[in-house]
Each structure stands twice: as C-alpha cells, then as structure tokens.
Amino acid sequence: MTGRPGAPTRRATTHRASIHAIVAQIPRGRVASYGQIAGLAGLPGQARQVGYALAALPEATPIPWHRVVNVRGEISPRARTGSEGAQRRLLEREGVAFDATGRIPMDRFRWRAGLL
DNA sequence: ATTCTGACTTGGG
DNA sequence: CCCCAAGCCAGAA
C-alpha cells in the first residue's frame, strides 16, 4: 500500500466500474431506474453518478445502457441528443412497452434483481 | 490544484 | 402536476 498512516483511503476501483457491472446484469426485456442501479452497486443515493457512468460509455459497448431509465419510467433527456430515440427503439425491440405518455409501466417491466 | 459540468432521486410546499 | 434544495463522483480544461 502506498498508505501513509492516517492518509485517506484511496478508491482502488472507480464507482463507474461497479455501476457498469450491475447494468450488465439487467436481463433483456427489463428496465431498471438509475437509483435502483445505484443501490445495487452499493452506492445508495448516488443515482446521478449512475447517469454519469453511462454517459461515459463508448459508442460501441456490450453494456445494455438502454435498459436504464428514470424512476418515472421515462427515458431521461440528455444534453446531447441522438440516443433517446435509439434507446426507445432498442427497448421496444426487446418487448418493453411505452404508454401513450411515453412512459414505461414500471410495475410490469422493472427488473427484480435476483429474480428472473 | 481549481473549476465546470453532466443519462438522477427524494422530500416538502 | 409543478417548483425548489440537497446529496454525489469523475474526467476534462
């Protein structure tokens, strides 16, 4: 350890890594909210960080980032447009439905971790 | 080293 | 339903 006695513990891994790991587990046809992911990643209350972690992903990634939506069941608007439409299309292709107001009925599609 | 900025959630009025 | 404030991390300039 580079540890000087009394020095603050330095993060060995970034939070982004654990967040990506959780998102990678969301099964096809299911969605999770940012806050839900944060909790599962051991970072309760850091929903925002989840969004930032996803925004940092490269264009081509094996991580199913499109399965993460906000707690209201809607696709969160980004500063940079482009992926919103693609995200909805990807979800619909997996069988995730949107209601007339453009929201996903979370009661039906929310991912239950540890449950298929 | 400091400053800025982004895919959020929750509670209260 | 709307609006506001607080909590939070990391990478780029």
Side-chain angles (χ1 to χ4, degrees):
Chain A
M1 305 271 269
T2 58
R4 280 160 314 183
T9 48
R10 194 174 303 255
R11 245 186 273 342
T13 61
T14 62
H15 290 313
R16 290 190 172 177
S18 20
I19 290 167
H20 292 164
I22 298 298
V23 174
Q25 294 174 57
I26 306 175
R28 192 171 162 292
R30 288 272 141 163
V31 295
S33 74
Y34 295 89
Q36 186 184 349
I37 296 300
L40 291 171
L43 304 167
Q46 295 185 58
R48 215 169 191 177
Q49 184 56 34
V50 173
Y52 302 153
L54 295 181
L57 287 171
E59 289 183 36
T61 174
I63 307 293
W65 54 270
H66 59 280
R67 297 185 185 137
V68 183
V69 297
N70 68 34
V71 74
R72 290 177 171 176
E74 43 192 20
I75 293 172
S76 286
R78 303 114 167 89
R80 290 277 183 158
T81 62
S83 28
E84 293 142 276
Q87 179 169 8
R88 174 163 178 163
R89 191 169 57 66
L90 283 168
L91 288 173
E92 293 183 311
R93 200 178 65 184
E94 298 185 352
V96 175
F98 287 76
D99 63 24
T101 63
R103 290 180 308 196
I104 298 167
M106 294 304 273
D107 319 26
R108 293 181 3 198
F109 299 101
R110 189 176 152 287
W111 171 43
R112 304 302 190 75
L115 197 72
L116 294 179

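Small disclaimer: the values here were computed from a predicted structure and weren't measured.
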Between A:Ile75 and A:Glu84, the two heavy atoms sitting closest are CD1-O, 3.8 Å
Shortest non-hydrogen contact from A:Gln87 to A:Trp65?
CB-CZ3, 3.9 Å
Quick one: what's the B/S/- string for nucleotides 7-13 of chain B, heavy-atom cutoff under 4.0 Å, read 5' to 3'?
BBSS---
What's the spacing between A:Met106 CE and A:Glu74 CD if we round to 0.5 Å?
10.5 Å
To the nearest 0.5 Å, atom CZ of A:Phe109 lies from atom CD1 of A:Ile104 at 8.0 Å
Taking C-beta and beyond as the side chain, do A:Val69 and A:Leu91 meet within less than 4.5 Å on heavy atoms?
yes
